[in-house]
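Right, one structure below, let's go through it.
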Amino acid sequence: MSDEGTIDPRGAGTAAVEGGVLPARWVEAARGIDLDVAELVLAFEVLRWVPPAEQTEGLAALVAALRLAQARGSTRLPLSGPPLAAHLAELGVPEARALARRLAGEPDTFAPLSGPAGRHRPLVVQGGYLYSQRLYALEQRVASAVRARLSVRDDAAAARRQALAEVQAAQPWSGRRPLVLSDEQLTAVEEACRGHLTLISGEPGTGKTSIVVSVLRVLARLGVPLGRIALTAPTGKAADRMRRSVEGTLGSLRSPGLSDRALLQDGPRSQTLHRLLGFSPSAGRYRHHEANPLAEDVVIVDESSMIDVAMVDRLLRALRPEARLVLLGDAEQLPSVDAGAVFRDLCEALDGTGRVVRLTRSYRMDPKDPAGRHVLLTARQVQAGDPAPLFRPRGLRPRDRVEALELEGVEHWTGELDALLDHWESRFKPPPSAVGRTWSVDEDGAFEADSIAGLDALFANAERARILCLTRARGTGVHAINERFHRRRSEARGLPASVRWTVGEPVLVMRNDYERGLFNGDQGLVLWVEGVRSGRRPCAVFRRTGGFVAFPVETVAPILELAHAVTVHKAQGSEHEVVAVVLPAEPIPLLTREMLYTAITRARRGVVLAGSRAMIEAGVRRRVERSSGLSEFVRGGL
C-alpha cells in the first residue's frame, strides 16, 4: 500500500506525509459502494497505535472492513468466511484474509489495540469476530438487561383476567362489526400486562393497534395511573400514526366504561423515544438513565424494528426494574438504519420463553377486499424468498401502459419510468383550490377552527400515495425524482428553477428540531399562511395533536427536503393507500428481500413495482446480512 497515492479525507488530494491519510484506492472503493470516506479514517489512524510492522497496514484494512460492516448495520466483522472476503474485496484488500485468520486465533496480536473480551481494548476479538469495544459493550449490556427482565412476573392473575373479561365484553367497532380479539391477540394482551418484557411481532394488518388499546384498557382497570404509561415510537411520524390509531380505536367504543372515558380524556399521548428519554440537543445528553430513571410503570414502543442497539440500550437503562416494557414491530421488516437488528435478534433469541408473541392472522386478508389481499399475499411471497410465484398468472400484474394501471393489488410496471411519474403526478396532485387558498392563523399561531377540516382533507389526500426509492442518489433515487417533480411544478407556475419550494409540495423533516417540536420523518405541506401580525407567505405546515402548526419555510429550510419521493427507510412507520416502488437499474446492496417487503407493506391496497424482472428477482433472493452477537449473548445467559 505504501507505493500508491494517498488522499487526505479532511481535504483535497495530497501526497502522503503523516498518519491520518488514506490510500487512494480505498477512497475510490468507498465512493463506489456509497460509503462515507470519513468512516475509513479510523482504519488508518490505527497506524499510530501500534509499532510499525509488516502487518500493520493489514490491520488497518481489517478495521476498514469493520467500519464498512458497521456502516451497513452489522455490529461485528466475521474473521473468516464469505462476508469477510466480500468486504475486503470491495475495499480492494483481499490479502488481509490471512491476517484475519491469525487475529481470530491470537487476539493479542496487536495489543494494546486488540484483545479478547474483558480486556477493555478498542478492538475486541471474540468467538471468531472482530468488534469495536463500544458495540461489544452495548450488546452485552442489552443482553444482560433483557435476561434480568425475563425473571420478573406479575402474579395478579385473577384481577388481570377480570379486567380482560370486561374489555372483551365491550369491544371497539370497525364499521358495522366489533373488533373481537383473536386468541393470539388475547395472548399478546395477557403477556404484555403480566411480564416485564414482551415482544409482539406481526406484519401490517395483524391488529397490533387493537392489542395496544386493549392493553391500555386492561391497565386502566387494574389501577395503573394513566400518567405512568408511555406510548412511544422511534420517529415523529410513527408516533403520530400510533396516536391517531389509538385515539380512533378508543373513539369507536359504543359503551365506554369509566376507565375508557378516562383514557379518552387523559390517556397517554404517543411521543418519540428521544422526547421520552429527555434528550437535550444542546447538551448532547439524555435526562433519563440508570441514575435518573423514568417514572413510567409501563412503556409501549411501536415500530421497534427501527430501533438500533444504542437506543435500545438507553431505553433499558432508563427503565426501573419493576417497569413493564412492550415492544411491537415486524421482525421481517428492514432493521434499523444504524447498527444492530435488535427486534429481530430478540424475537429469535427469546422464542420459546413465552416472551415473544407472533401474530399470524391478517385482518387485511379479507376476501371482500381483493386488492388488500393481493398486497399482503405478494409481501408474503417476497418474504418466502422464491421469486417464481411472483411471475405466475396470479402473481404480479404486468403493465406497460399507464391506461392499464389500476393502482390496486400489486402491479409490475415495465414501461418508461417517466411515463409512470407523469401519470402519478396527474393522478395524485393536490386540488388547486386547496393549494391556492390562504390559510389563516390567530395571534398565537393556531389555525382557525374552520380551517382544521380543510387541512385534514388536504393532508389525507397527500398521504394517500407516495413514491418510494431504495436510495437517495442515482437516477432512480429520491433526489432525482423529487427534482423532476419540483421542476415540473415550478415550470407550470412560471417560477425559476432556483425556487426551492412551490406551494402544495410535500416536505420531509430530515433531522430533529426540538425547539419547534419537529422530528426526523415528520411530513408536511408547503401552503400559503397568513397571520394576524404577518402577511401572506409560504409556510411548512405539519400535523400536531389536535390540529396543525405552521413555520415560515425560510426558518425551517435547513432541516427540510422535498418528499414527492422518500426512501423506504424514511417510509417506515407510514402507511398509504397506494405506493410506487422505484427499483434501481442494477443490483445494489440495498436491494434485498426485507427492503421489498417493507416497501410493499407500506400500502393498504395498491403497489406499483417499477423495475425489471431481474431486479425484482435479485431483491427477493437476497437477504439483509447483518452480523450481530446479541442473540447469542442473550441465549448464552439463559
Side-chain angles (χ1 to χ4, degrees), residues 174-175 179 200-213 231-249 251-252 270 272 301-306 328-334 359 362-366 369 371-380 382-383 407-410 424 428 456-469 506 508-509 519-525 542-543 545 563-581 594-609:
S174 176
L179 295 173
I200 302 169
S201 177
E203 64 190 14
T206 49
K208 293 192 286 290
T209 297
S210 294
I211 291 169
V212 172
V213 170
L231 299 180
T232 185
T235 67
K237 181 68 175 177
D240 182 65
R241 182 169 161 233
M242 184 185 195
R243 175 190 60 77
R244 285 190 281 161
S245 297
V246 168
E247 288 178 355
T249 304
S252 72
S270 55
T272 64
V301 186
D302 198 13
E303 297 291 349
S304 296
S305 64
M306 299 171 65
L328 298 105
D330 184 348
E332 302 301 324
Q333 273 192 33
L334 281 170
L359 306 174
S362 173
Y363 295 89
R364 285 194 203 162
M365 303 287 277
D366 187 343
D369 181 16
R373 180 178 177 83
H374 191 219
V375 170
L376 279 187
L377 281 174
T378 302
R380 289 177 176 179
V382 168
Q383 186 181 336
L407 302 183
E408 291 188 348
V410 185
W424 197 270
F428 296 111
D456 266 326
L458 187 57
F459 270 70
N461 179 74
E463 292 164 0
R464 283 176 56 213
R466 189 70 80 233
I467 297 171
L468 306 181
C469 305
L508 178 75
V509 176
F519 298 94
N520 187 359
D522 286 354
Q523 295 180 21
L525 293 170
F542 298 90
R543 282 190 185 274
T545 302
H564 299 284
V566 301
T567 63
V568 178
H569 275 105
K570 286 291 185 184
Q572 284 185 274
S574 299
E575 187 178 77
H576 307 282
E577 193 74 13
V578 57
V579 301
V581 184
E594 291 84 355
M595 180 71 77
L596 291 177
Y597 172 86
T598 302
I600 290 168
T601 54
R602 296 310 89 205
R604 289 186 291 270
R605 303 194 71 253
V607 178
V608 180
L609 287 176

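As a basis for the values below, the full set of heavy atoms in this structure was taken, side chains included, without hydrogen atoms, waters or symmetry mates. Computed from a predicted model, the values in this text were never measured in an experiment.
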Could you tell me which non-hydrogen atom of [X] sits nearest to which non-hydrogen atom of [Y], and how far apart they are?
| X | Y | value |
| --- | --- | --- |
| Ala563 | Arg466 | O-CD, 3.5 Å |
| Ala233 | Ala239 | CB-N, 3.6 Å |
| Pro204 | Leu376 | O-CD1, 3.6 Å |
| Asn461 | Phe428 | ND2-O, 4.2 Å |
| Arg543 | Phe459 | NH2-CB, 3.4 Å |
| Val581 | Ala599 | CG2-CB, 3.8 Å |

Point-to-point distance, once rounded to the nearest 0.5 Å, from [atom1] of [X] to [atom2] of [Y]:
| X | Y | atom1 | atom2 | answer |
| --- | --- | --- | --- | --- |
| Thr206 | Ile200 | OG1 | CD1 | 10.0 Å |
| Arg604 | Glu408 | CZ | CD | 13.0 Å |
| Leu458 | Leu525 | CG | CG | 5.5 Å |
| Thr232 | Glu303 | OG1 | CD | 11.5 Å |
| Ile600 | Glu203 | CD1 | CD | 11.5 Å |
| Gln333 | His569 | CD | NE2 | 10.0 Å |

> What do the steps show when you test Val212 against Leu231 for side-chain contact (heavy atoms from CB on, under 4.5 Å), and what is the final call?
Replying inline: CA-CA 9 Å; Val212 172; Leu231 299 180; 4.1 Å; yes
In the structure I gave you, are the side-chain heavy atoms of [X] and [Y] within less than 4.5 Å of one another anywhere?
| X | Y | result |
| --- | --- | --- |
| Leu508 | Lys570 | yes |
| His564 | Pro506 | yes |
| Phe542 | Asp240 | no |
| Thr567 | Leu468 | no |

>> As a quick check of understanding, evaluate salt bridge (charged side-chain N to carboxylate O under 4.0 Å, His left out) for Asp369 and Arg373, giving each step before the final call.
In response: CA-CA 6 Å; Asp369 181 16; Arg373 180 178 177 83; over 6 Å; no
Looking only at atom types and distance, does a side-chain atom of [X] sit under 3.5 Å from a main-chain N or O of [Y], one as donor and one as acceptor?
| X | Y | result |
| --- | --- | --- |
| Thr272 | Thr235 | no |
| Lys208 | Gly202 | yes |
| Ser304 | Val301 | yes |
| Gln572 | Leu334 | yes |
| His576 | Glu463 | yes |

> Passes side-chain contact (heavy atoms from CB on, under 4.5 Å), Val579 versus Val608? Steps please.
Replying inline: CA-CA 6 Å; Val579 301; Val608 180; over 6 Å; no
> In terms of side-chain geometry, is the basic nitrogen of Arg602 or Glu575 positioned less than 4.0 Å from the acidic oxygen of its partner?
Replying inline: no
>> Against Val607, only a single residue in Leu596, Val410, Val578, Thr601 fulfils side-chain contact (heavy atoms from CB on, under 4.5 Å); can you say which?
In response: Val410
> Residues in side-chain contact (heavy atoms from CB on, under 4.5 Å) with Ser210, at least two apart?
Replying inline: Leu179, Leu181, Gln185
>> Let's go through Glu332 and Ser201 carefully: what are the C-alpha distance in whole Å and the side-chain angles of both, what is the deciding distance for side-chain contact (heavy atoms from CB on, under 4.5 Å) to 0.1 Å, and is it a yes or a no?
In response: CA-CA 9 Å; Glu332 302 301 324; Ser201 177; over 6 Å; no
